[in-house]
Amino acid sequence: MEPQAVGGSRHDERRFLVGRCEATYNMLWGTVNATTTSCKHLQCLGEPKECRLAPREPGLGGYLPGPGRPQQAADDRRRVRPQETRTRRAADRTMADRCSPRTRRRVASPDRPATPKKNQARARARRETAPVSDDREKPVRVRVAPSPTGDPHLGTAYQALFNYAFARRHGGQFVLRIEDTDRQRSSRESEEEILAALRWLGLAWDEGPDQDGPHAPYRQSERLEIYREHAERLLASGAAYRDFSTREEIARERESGQDALDYVGHSRRHRDLDPEEAARRAAAGEEHVVRLRVPTDGVCTMHDVLRGAIEREWSLVDDQVLLKSDGFPTYHLANVVDDHLMEITHVIRGEEWISSLPKHLLLYEKLGWQPPLFCHLPLLRNDDANRSKLSKRRNPTSIDYYRRAGYLPEALLNFLGLMGLSRADGDEKLSLEEFVEGFDLEAISLGGPVFDQKKLRWLNARYLREDFDAAGLVRLLRSWRLDDTTLERIAPLAQPRLETLGDWGELTAHLFADLVEPPVEELTLEGCEPEQVAEVLQMVAWRVDTLRPFVADRIHGVLRELAEQLGFKLRQFTRPLYVAISGKPASTPLFDTMEILGRDLTRARLRAAVERLGGLGAKKLKKLEKRYQALGGGSGGEGSDDDGDG
RNA sequence: GUCCCCAUCGUCUAGUCAGGUCUAGGACACCAGCCUUUCAAGCUGGCGACACGGGUUCGAAUCCCGUUGGGGAUACCA
């Protein structure tokens with residue numbers, strides 16, 4: 001278009017006359033903005049409002065749709081779009097056509113930073129806060145801190161991945177710390193499984209329980225003395241106090257539901273006890289906990305890298321227990337002390353921790369330390385109606401499940417990386433290196449992403465197809481589960497049932513499959529309605545879930561016990577299990593099959609069978625869990641559902 | 001209940017900070033067609049969203065307020 005002196009080209013006038021001033025502005029805006037501030041927009045036949053965009057004085061260049069901008073750019077784009085097929089590989093694309101129009105603009109105009117920022121929240125963050133940007137010369141140190149209380153959880157992998165990527169991106173260090181301060185629930189087996197799972201994923205840590213470093217030990221149960229000392233310090237300064245209330249007293253208070261308790265969850269009865277008397281009572285061996293003395297008024301302002309300033313009234317924060325009566329610290333004390341001592345610079349953890357941030361901040365303050373930067377990641381969600389946080393009730397959440405079901409670590413990691421951070425206009429298949437390279441902590445989306453199995457399968461399929469030739473695939477299968485050891489375990493189970501070698505395939509298929517499809521009409525238990533069968537299967541799932549080691553004779557023992565408790569003969573009892581596990585009424589021996597499948601696959605199939613039978617609603621499940629726990633068969637149920645990590 | 005966080009296709013997301021190029025882009029799923037000895041893969045196309053209501057503005061997915069919805073926390077669990 002040819003630049004023309006103002007008053008407007010005919011083109012412009014025509015638009016004005018039909019009352020489409022906005023459209024005209026749109027067309028003009030790109031060139032106008034640099035030179036104009038505000039003016040009376042006389043030609044407008046619509047409302048004669050103040051118009052900031054049109055040129056003030058006639059004769060200015062504002063009406064000129066300058067050389068090639070921006071209308072033309074838009075036209076170009078429109079023309080181009082149809083040919084820009086969505087499946088062109090990233091490599092075929094230029095930087096410019098790989099990104100969004102907006103980003104393209106950024107790329108084109110070097111005066112703007114090319115990093116897109118997210119969300120109004122982040123806008124607020126910029127405006128309202130000047131978060132702590134502490135000594136930036138310090139090398140980045142981050143950590144993932146799983147608690148070894150169950151299966152290696154996808155959430156742990158997710159946190160680990162983002163911490164890992166951040167550390168690598170900034171040439172920093174990534175620490176693995178085991179938060180085993182829950183004496184009842186923690187186990188060494190679980191810890192080992194978690195390490196193995198993270199190793200399988202390829203997320204190597206620089207320091208950890210198995211990888212000595214300057215801040216060892218990396219297992220909190222081995223640092224008890226450190227926490228005790230810090231608790232003493234807090235006690236001495238009055239930042240903490242001893243509370244001699246019994247659990248029963250607290251429970252009773254809560255039950256009575258006094259208003260004052262609503263906020264803080266317990267009375268602060270011992271808050272003002274004379275410290276010396278308290279110390280005496282403690283010395284005399286009276287059982288007590290140590291609590292943090294939280295201010296009763298004022299506001300705590302916290303900063304989150306993604307959310308900016310967050311405010312919370314101190315009166316709403318409880319006097320957190322720091323040291324339990326068994327002398328173990330709670331998460332809150334341990335994580336603050338360790339993060340400081342281990343020189344963690346950025347705490348990247350799950351959103352579930354936001355509400356305890358005030359306490360953590362207070363601890364840093366009272367200990368006289370500078371807090372790290374906090375970044376709370378959204379929680380992975382279930383694919384159900386209300387998108388609750390990812391739980392194994394609805395989804396397989398164990399990393400081991402995905403491994404045994406035949407997913408590749410690259411695919412799982414890749415997929416996890418897509419949760420919250422995306423390359424929306426590029427190829428979504430990307431390696432860990434590529435992920436790290438493009439990693440931008442501040443660009444994470446805040447909406448809790450649903451863990452979509454279907455998309456994971458698609459990604460996994462691409463890895464399988466694209467990254468292996470025939471020989472490679474064979475090697476992969478061998479290293480997965482078609483190894484001699486596994487086959488030799490299966491052989492004795494199959495042999496008696498084999499009439500020809502040709503039977504092998506069908507006979508053993510269920511030992512390698514992810515899920516099987518048991519016919520509902522075969523999922524029966526003598527004298528039981530389908531719902532009762534579902535209940536039985538659910539209880540077996542719970543029982544199996546905590547069983548370590550997961551071997552045939554242990555499984556046998558545990559199931560026989562459960563059968564007795566429920567008043568069934570083992571023979572009857574196992575019938576729906578066969579069907580649920582193998583998909584058929586007759587198959588390889590149950591307990592051995594379960595052992596070969598492993599805990600995760602076994603559980604997944606039991607759960608799938610429960611769903612096939614119509615499922616159990618939340619209420620029924622709750623009731624059932626009570627009944628189950630009354631059987632006293634060890635912990636289990638959904639209580640051990642989540643595996644938080646800090 | 002209370003507090004905190006969040007809000008674009010069914011799902012993952014781009015765009016939001018610095019409002020105009022958004023007729024809202026991509027991917028998964030779904031549907032159809034092509035290719036093909038079947039199926040898958042691949043290719044092409046289709047369906048499909050700015051939660052709602054106010055405000056600011058010439059102009060709002062974008063800024064502000066409110067509502068609604070969802071999540072998290074409310075433990076001597078993490």
Side-chain angles (χ1 to χ4, degrees), chain A residues 21-22 24-30 33 41 44 46-47 49-54 69-71 73-75 77-78 81 85-87 99-105 112 116-127 145-147 149 179 181-182 184-185 243 247 250 262-266 289 304 307 310-313 316-318 321 323-326 328 330-332 335 350-357 376 378-379 381 383 386-389 415 418-428 445-452 454-459 461 465 639 642-646:
Chain A
C21 52
E22 295 94 331
T24 308
Y25 291 148
N26 279 346
M27 191 189 74
L28 296 173
W29 172 231
N33 72 7
H41 181 190
C44 179
E47 300 167 73
K49 287 186 180 173
E50 274 285 300
C51 168
R52 286 202 262 118
L53 303 182
R69 310 178 56 197
Q71 191 63 45
D75 290 344
R77 195 161 54 84
R78 234 164 271 143
R81 199 178 292 152
T85 64
R86 44 197 159 133
T87 33
C99 53
S100 66
R102 176 63 64 100
T103 312
R104 215 173 302 162
R105 254 172 285 137
R112 288 240 169 111
K117 295 301 178 230
K118 312 275 302 187
N119 291 357
Q120 45 182 341
R122 222 135 321 157
R124 222 182 306 135
R126 290 272 130 68
R127 246 176 289 129
S147 110
T149 55
E179 309 234 328
T181 56
D182 182 334
Q184 275 74 47
R185 296 201 298 143
D243 183 348
R247 278 173 235 253
I250 291 172
D262 278 357
Y263 294 162
V264 294
H266 59 94
V289 299
D304 178 274
R307 278 160 269 253
I310 301 173
E311 297 195 334
R312 180 119 188 259
E313 282 184 43
L316 266 16
V317 179
D318 63 307
V321 170
L323 223 46
K324 310 178 204 176
S325 53
D326 63 2
F328 273 57
T330 57
Y331 167 83
H332 306 279
N335 107 84
E351 199 175 28
E352 67 222 284
W353 295 109
I354 290 180
S355 48
S356 33
L357 225 202
H376 293 91
L379 264 16
R381 307 290 180 90
D383 180 20
N386 48 350
R387 303 156 145 255
S388 47
K389 102 173 163 182
F415 181 66
L418 255 22
M419 309 269 90
L421 220 41
S422 93
R423 247 218 205 169
D425 292 329
D427 190 354
E428 292 188 299
S445 295
L446 291 176
V450 170
F451 191 86
D452 179 8
K454 280 192 173 155
K455 190 159 182 175
L456 206 211
R457 283 184 85 90
W458 164 80
L459 238 198
R465 276 199 299 275
D642 50 19
D643 156 2
D645 69 31

Short side-chain N/O contact from A:K389 to OP1 or OP2 of B:rA73, under 4.0 Å: yes
Any A:S445 side-chain nitrogen or oxygen under 4.0 Å from OP1 or OP2 of B:rA14: yes
Watson-Crick/G-U partner (both atom distances under 3.5 Å) of B:rA51: B:rU67
From A:I310 atom CD1 to A:H376 atom NE2, the distance as rounded to the nearest 0.5 Å: 7.5 Å
Aromatic ring pairing A:Y331/A:W353, orientation class (parallel under 30°, perpendicular over 60°, tilted between): parallel
Gap in Å between the two C1' atoms, one belonging to B:rA78 and one to B:rG69, rounded: 29 Å
Interatomic distance, A:M419 atom CE to A:K455 atom NZ [nearest 0.5 angstrom]: 7.0 Å
side-chain contact (heavy atoms from CB on, under 4.5 Å) against A:S355, all qualifying residues, sequence neighbours excluded: A:R312
B:rC58 pairs with, by Watson-Crick or G-U criteria that keep both distances under 3.5 Å: B:rG20
A:F415: partners by ring-ring contact (aromatic ring centres under 6.0 Å, His included), with sequence neighbours left out: A:F451
Pairwise C1' distance, B:rU57 and B:rU68 [rounded to whole Å]: 26 Å
Closest to side chain of A:R465, choosing from B:rC4, B:rG26, B:rG42: B:rG42
Nearest-nucleotide pick for A:T330, side chain only, options being B:rC76, B:rG72, B:rC12: B:rC76
N/O (side chain, A:R307) to phosphate O (OP1/OP2, B:rC17) under 4.0 Å: no
Identified pairing partner of B:rG10, criterion: Watson-Crick or G-U wobble below 3.5 Å: B:rC28
Same-atom distance (P) from B:rG70 to B:rC9, integer angstrom: 16 Å
Interatomic distance where CZ belongs to A:R247 and C1' belongs to B:rA75 [whole Å]: 10 Å
Protein-nucleotide distance (A:D452, atom CG; B:rU13, atom P), rounded to Å: 11 Å
Base of B:rC4 paired with side chain of A:R312 (donor-acceptor, under 3.5 Å): no
Between P of B:rU74 and CD1 of A:I250, the distance in whole Å: 15 Å
Polar side-chain contact A:K455-B:rA27 base: donor and acceptor under 3.5 Å: yes
Residue closer to the 5' end of RNA chain B, A:S388 versus A:W458 (nearest nucleotide): A:W458
Residue A:S355, side-chain heavy atoms: nucleotide from B:rG72, B:rC77, B:rC28 that is nearest: B:rG72
Whole-Å C1' distance, B:rA14 and B:rG25: 6 Å
Which residue lies more 5' along RNA chain B, comparing A:D383 with A:S325 via nearest heavy atoms: A:D383
Any A:R387 side-chain N or O less than 4.0 Å from OP1/OP2 of B:rG69: no
Gap in Å between the two C1' atoms, one belonging to B:rU62 and one to B:rU16, rounded: 4 Å
Pairing partner of B:rG33 (Watson-Crick or G-U wobble, both distances under 3.5 Å): B:rC43
Nearest-angstrom distance from the residue atom CG of A:L446 to C1' of B:rU13: 13 Å
Rounded distance in Å - CZ (A:F328) to C1' (B:rA78): 14 Å
Partner nucleotide, any strand, of B:rC3 [Watson-Crick/G-U, under 3.5 Å]: B:rG72
Whole angstrom value for the distance that separates P of B:rA78 from CG of A:D326: 10 Å
Heavy-atom donor-acceptor pair, A:T149 side chain to A:R185 backbone, under 3.5 Å: no
